[in-house]
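Everything on this sheet refers to the single structure shown next.
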Amino acid sequence: MPRFAANLTMMYTEHDFLDRFAAASADGFEAVEYLFPYEYSAAVLRSLLDDHGLRQVLFNAPAGTWESGERGLAALPGREQEARSGIDQALEYAAALGCPRVHVMAGLVPQAEQAKCRGTYVANLAWAAERAATMGVEIMIEPINSRDMPGYFLTSQADAHAVVQEVGAANLKVQLDLYHCQIVEGDLTATLRRDIPTGRVGHLQVAGVPDRHEPDLGELNARYLFDIIDELGFEGWIGCEYRPLSGTSEGLGWLNDLRGHSA
């Protein structure tokens with residue numbers, strides 16, 4: 001059975017953020033991810049992880065002024081210093097939390113500036129990967145669909161893998177979100193079979209399509225996809241990055257069924 005991490009940004013929102021760790025643990029999760037840790041001290045977060053027997057498996061580097069609509073800095077010319085300072089901050093948190101991977105968001109880029117921004121993106125990722133390698137941390141990049149995030153620089157799996165290959169760093173990996181991938185290009189089974197064996201996929205995420213609720217709601221056959229992931233021997237984590245339709249715990253029937261099936 002694949003290993004699932006609760007996404008505490010989207011799940012358990014019926015609780016205050018710091019109470020979500022206990023709620024996830026009570027539901028049997030052994031790992032968590034979320035967007036950003038920086039509102040809280042690393043010591044507070046580490047204490048919550050330890051108290052509830054949880055592992056931190058992913059979070060994002062600072063992504064600019066999120067409240068104003070920014071969605072990353074790595075591909076934005078002229079923002080290199082800010083992007084790299086944020087990556088350093090993320091790596092400090094990763095060390096304190098024992099987190100093995102950090103997602104670096106590219107940012108929103110006008111279509112006409114894509115080519116110019118690619119060089120900035122590659123240079124920043126090469127710098128980040130070199131910095132992270134000394135700490136045993138992987139840098140993640142994630143294609144995001146343009147319906148949810150119009151103008152995001154990276155949208156396709158092929159482009160993400162091309163960037164990883166161009167940078168050539170062993171610790172630069174693709175974060176394959178099955179929700180985004182289904183919306184952009186579909187053909188998830190073929191994508192999993194093609195890309196996981198390359199070793200370039202470091203983290204998976206899942207949500208139902210089209211409404212981003214539980215994985216078993218909507219057009220995806222989640223059980224089938226999880227079987228494929230198992231068959232391929234993926235040893236990483238699958239982040240449950242979805243918005244529960246009602247209560248988080250009440251919507252975990254899909255996961256409890258999987259646990260019972262694998263028992």
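Computed over heavy atoms, backbone and side chain alike; hydrogens, waters and symmetry mates excluded.
Following chains of ILVMFWY side-chain contacts shorter than 4.5 Å, one cannot reach L204 starting from L58, and the two form parts of different hydrophobic clusters. Taking hydrophobic clusters as Ile, Leu, Val, Met, Phe, Trp and Tyr residues chained together by side-chain heavy-atom distances below 4.5 Å, V32 shares a cluster with F36. In the hydrophobic clustering of this structure, W237 does not group with F234; members are Ile, Leu, Val, Met, Phe, Trp, Tyr whose side-chain heavy atoms approach within less than 4.5 Å, directly or through other members. A continuous path of hydrophobic side-chain contacts links L176 to V164 [ILVMFWY only; heavy atoms under 4.5 Å]. Hydrophobic clustering of Ile, Leu, Val, Met, Phe, Trp and Tyr side chains at less than 4.5 Å, counting indirect connections, unites F29 with Y242.
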If you apply the rule side chain to side chain contact (heavy atoms under 4.5 Å, CB included), what do you find for M105 with M149, and how did you get there?
CA-CA 12 Å; M105 296 189 71; M149 199 174 288; 4.1 Å; yes
Given L154 and E142, is the side chain to side chain contact (heavy atoms under 4.5 Å, CB included) satisfied, shown in steps?
CA-CA 7 Å; L154 189 69; E142 178 189 21; 5.9 Å; no
Evaluate the side chain to side chain contact (heavy atoms under 4.5 Å, CB included) criterion for residues R212 and D148: first the C-alpha distance (whole Å), next the side-chain angles of each, then the deciding distance (0.1 Å), finally the verdict.
CA-CA 10 Å; R212 209 167 190 176; D148 287 359; 3.9 Å; yes
Step-by-step side chain to side chain contact (heavy atoms under 4.5 Å, CB included) determination, I238 to D177
CA-CA 9 Å; I238 302 179; D177 187 318; over 6 Å; no
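Applying the side chain to side chain contact (heavy atoms under 4.5 Å, CB included) test to A169 and every residue at least two apart in sequence or in another chain returns A129, V167, N171, L172. Residues passing the salt bridge (Lys or Arg N to Asp or Glu O under 4.0 Å) test with R118 are E166, sequence neighbours excluded. R193 meets the salt bridge (Lys or Arg N to Asp or Glu O under 4.0 Å) test with E231; sequence neighbours excluded. In this view, R194 satisfies the salt bridge (Lys or Arg N to Asp or Glu O under 4.0 Å) rule with no residue, not counting sequence neighbours. In this structure E70 satisfies the salt bridge (Lys or Arg N to Asp or Glu O under 4.0 Å) test together with R79, sequence neighbours excluded. With sequence neighbours excluded, no residue satisfies side chain to side chain donor-acceptor pair (under 3.5 Å) with D227.
In this structure, CG in L217 is found 8.5 Å from CG in D211, a value given to the nearest 0.5 Å. Note that the OG1 atom of T120 and the CG atom of L73 stand 11.5 Å from one another [nearest 0.5 Å]. Rounding to the nearest 0.5 angstrom, the gap separating the CD1 atom in I144 from the OG atom in S146 is 11.0 Å.
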Determine all donor-acceptor pairs shorter than 3.5 Å in which one atom belongs to a side chain in residues 1-8; sequence neighbours excluded.
from	atom 1	to	atom 2	distance (Å)
R3	NH2	E235	O	2.6
N7	OD1	T9	N	3.0
N7	OD1	M10	N	3.2
N7	ND2	E33	OE2	2.8

Would you mind writing out the side-chain donor-acceptor pairs for residues 84-104 within the sub-3.5 Å range, not counting sequence neighbours?
from	atom 1	to	atom 2	distance (Å)
R84	NE	N124	OD1	2.8
R84	NH2	N124	OD1	3.2
D88	OD1	R131	NE	2.8
D88	OD2	R131	NH2	3.1
Y93	OH	Y40	O	2.6
R101	NH1	V57	O	3.0
H103	ND1	N60	OD1	3.0

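When side chains are defined from C-beta on, P210 counts as touching R147, because their heavy atoms get closer than 4.5 Å. Taking the side chain as every heavy atom from C-beta outward, L45 and F21 approach each other to under 4.5 Å. Between I139 and K173, every side-chain heavy-atom pair lies at or beyond the 4.5 Å cut-off. Side-chain atoms of C240 and P215, non-hydrogen and from C-beta on, never get closer than 4.5 Å to each other. Contact of the E241 side chain with the L35 side chain is registered, since non-hydrogen atoms from C-beta on lie closer than 4.5 Å. No side-chain heavy atom of I141 sits under 4.5 Å from any side-chain heavy atom of Q175. Side-chain atoms of C181 and L188, non-hydrogen and from C-beta on, do get closer than 4.5 Å to each other.
Residues Y12 and F17 keep their aromatic ring centres 6.0 Å or farther apart.
Here the side chain of R71 pairs a donor or acceptor atom with the backbone of W66 at under 3.5 angstrom. In terms of modelled atom types and a separation under 3.5 Å, the side chain of T65 and the main chain of S68 share no donor-acceptor contact. A donor-acceptor contact shorter than 3.5 Å is absent between the side chain of T155 and the backbone of N145. Without hydrogens or angle criteria, T248 side chain to P244 main chain gives no donor-acceptor distance under 3.5 Å. The closest donor-acceptor contact from the side chain of Q165 to the backbone of V163 lies at 3.5 Å or more, if one exists at all.
Between R243 and E214 there is no salt bridge, since no side-chain N of the basic residue sits under 4.0 Å from a carboxylate O of the acidic one.
For the salt bridge (charged side-chain N to carboxylate O under 4.0 Å, His left out) condition, the pairs that include at least one residue of residues 46-67, sequence neighbours left out, are R46-D50. Evaluation of the ring pair (Phe, Tyr, Trp, His ring centres under 6.0 Å) test over residues 157-188, restricted to residues two or more places apart or in two chains, returns none. Applying the salt bridge (charged side-chain N to carboxylate O under 4.0 Å, His left out) test to residues at least two apart or on different chains, none of the pairs has a partner in residues 4-29. Pairs of residues two or more places apart, or lying in two chains, that qualify as ring pair (Phe, Tyr, Trp, His ring centres under 6.0 Å) and include a residue from residues 109-154 are Y121-F153.
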